[in-house]
Number of protein chains: 2
Amino acid sequence: MALDFPGPATGRHPLRRQEVTEQIKAFILRNHLKPGDPLPTESVLCESLGASRSSVREAIKTLSALDIVEVRHGHGMYVGRLSLVALVESLAFRVQLSSRDDFTVLGEVIGVRQLLEQGLAASLVAALEEPHFDALAALVSEMRELADKGETFVEQDRAFHLLLMEPLKIDLVQQLTGAFWDVHSMVAPLLAPSTADGRETADAHAEIVAAARRRDVAAFQAAIEAHYGPVRKQLATHLRDSGNAVDGRPEGR
Amino acid sequence: MALDFPGPATGRHPLRRQEVTEQIKAFILRNHLKPGDPLPTESVLCESLGASRSSVREAIKTLSALDIVEVRHGHGMYVGRLSLVALVESLAFRVQLSSRDDFTVLGEVIGVRQLLEQGLAASLVAALEEPHFDALAALVSEMRELADKGETFVEQDRAFHLLLMEPLKIDLVQQLTGAFWDVHSMVAPLLAPSTADGRETADAHAEIVAAARRRDVAAFQAAIEAHYGPVRKQLATHLRDSGNAVDGRPEGR
DNA sequence: GAGGCGTACGACGTCTGACGTCCTATGCTT
DNA sequence: AAGCATAGGACGTCAGACGTCGTACGCCTC
């Protein structure tokens, strides 16, 4: 009856899976690995960590969801790209869940997108150079062409907003921009099946570039405002039209 | 030899685990579940989804990492809180990984924290009311007391920055503030073992409140700047002092 | 009869072993 | 030399058993 007195309130046995998770992270840190570097195979991990394959695999699934580990079937495991996919997945689901009743979360996502670009307006206007303007203008041209043909231009749109942030050379900001764009576009179809006024949107992007070219911070911010205005309006319209009429549920069950 | 012709380039068999993941998410959406609502047990999921327990469990580990599903040992499974823990975990690891050589990522995290508060300066100054000022001032008092006793006040610091964002009533912004704060504080010990000039930091917070009370947007932004200034400076100092001397590695292995 | 303790059951956690699928590489065939 | 066939390594899936955690029911004690 060896009475190993129980630890504090929290679980006495630190879950095996959790331990393995931490040890794999520690392994990456300890060996200074970079994204893409190979990791030990499952069987090796099982041995060296003294855990069963189940525990190791479940730990890896957690790390995989966070893009800390990347698994390639048939190849092996590698250090992940440490992107923000987890944020995107998580937020996208939250938006979908809240979309049953209202679109508040989607509205907040759009608000954050706008905040990022407007909050950095001064830095951006100062940092953008001719090559950037040319590339941005080229994207706007593509958008216009596609809009006139009645097609969409999601890829150009994403590229535009990423490129806009590029001169800052701040990875995190660029990735956040991409992440929130992804969430937005991933759930946009829920609003209206491509009701986007293509031409109008393309013109809004053009105005952003024009203002930046003139190094006019105020105009730049106004252009951003004008870009997101229609989006918000569309959201509000959708709220009023369908509202909680999606299903007869007036409020909380 | 029933030859079911292979699908497109990408994996012909959509991984079972992946399917289960999507189906669980769909289940939550379809039934309009909210955070905290109970989910079917593992065994029920295995039956209804026709998958083995391993696949179901691995799928759940993924959803658990994204805080879409919460597992309570001995109790059962529930809809998660849909927080931003995944972002925190992911970013924190990235900061640790980059900390071996430089602290660029940590610097970027701090930059985003600053961007959030400065970018919303106008809205915040307009939205803050007396009760907020009082609560914020109370936190500053606590900070000062603790600082004078030579103790730290991480909890008060976090509460301060969250409360600052509260009047906006934008959940996402508040959660992002908390998330980036968490990342920052989670990795701060790597910089210097609580070298924080407590008193100075507390005063910086006081100045933020004072500026907001005067409804002075410019002063508010300046106070934010002054708050993060020392933090950045500490970071730069640490970079110069220890630099890549953490271990003798001059550069990439 | 009220309170406390022990057992039974449900649900998640871990382990083991086997087989399927994907990819690569080796070596034979043409 | 080019192409195919086979063997091996590594991840994916399945099945069954046992351990741990919590709860609830029921027995025992007072």
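Chain identifiers are assigned alphabetically (A, B, ...) following the order of the sequence lines, protein sequences preceding nucleic acid strands; residue numbering begins at 1 within each chain.
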Atom pair OG (A:Ser52) and CZ (A:Arg17), whose distance is rounded to the nearest 0.5 Å: 11.0 Å
Nearest-nucleotide comparison on DNA chain C, the residue closer to the 5′ end among B:Gly76 and A:Arg53: B:Gly76
Residue mapping more 5' on DNA chain C - nearest nucleotide basis, B:Ser54 or B:Leu39: B:Leu39
Candidate nucleotides [options], ranked by approach to the side chain of [X] - the nearest:
X: A:Leu15; options: C:dT14, D:dT23, C:dT24; result: C:dT14
X: A:Ser52; options: C:dG13, D:dA15, C:dT16; result: C:dT16
X: A:Met77; options: D:dC11, C:dT14, C:dC22; result: D:dC11

When the distance from [atom1] of [X] to [atom2] of [N] is rounded to whole Å, what number comes out?
X: B:Glu58; N: C:dT14; atom1: CD; atom2: C1'; answer: 13 Å
X: B:Leu63; N: C:dC12; atom1: CG; atom2: P; answer: 14 Å
X: A:Glu42; N: C:dA18; atom1: CD; atom2: C1'; answer: 15 Å
X: A:Leu49; N: C:dC15; atom1: CG; atom2: P; answer: 11 Å
X: B:His13; N: D:dT13; atom1: NE2; atom2: P; answer: 10 Å
X: B:Glu19; N: D:dG12; atom1: CD; atom2: C1'; answer: 13 Å

Over 12 non-hydrogen atoms of neighbours within 6.0 angstrom of CD in B:Glu151: yes
Residue B:Glu155 excluded, over 12 heavy atoms near CD under 6.0 Å: no
Close side-chain approach of B:Gln175 and B:Leu87, heavy atoms under 4.5 Å: no
N/O (side chain, A:Arg17) to phosphate O (OP1/OP2, C:dG13) under 4.0 Å: yes
Phosphate OP1/OP2 of D:dG22 contacted by B:Arg72 side-chain N/O (<4.0 Å): no
Sugar-phosphate, base or nothing in reach of A:His73, heavy atoms under 4.0 Å: base
Touch class at under 4.0 angstrom, heavy-atom based, for A:Ser55 against every strand present: sugar-phosphate
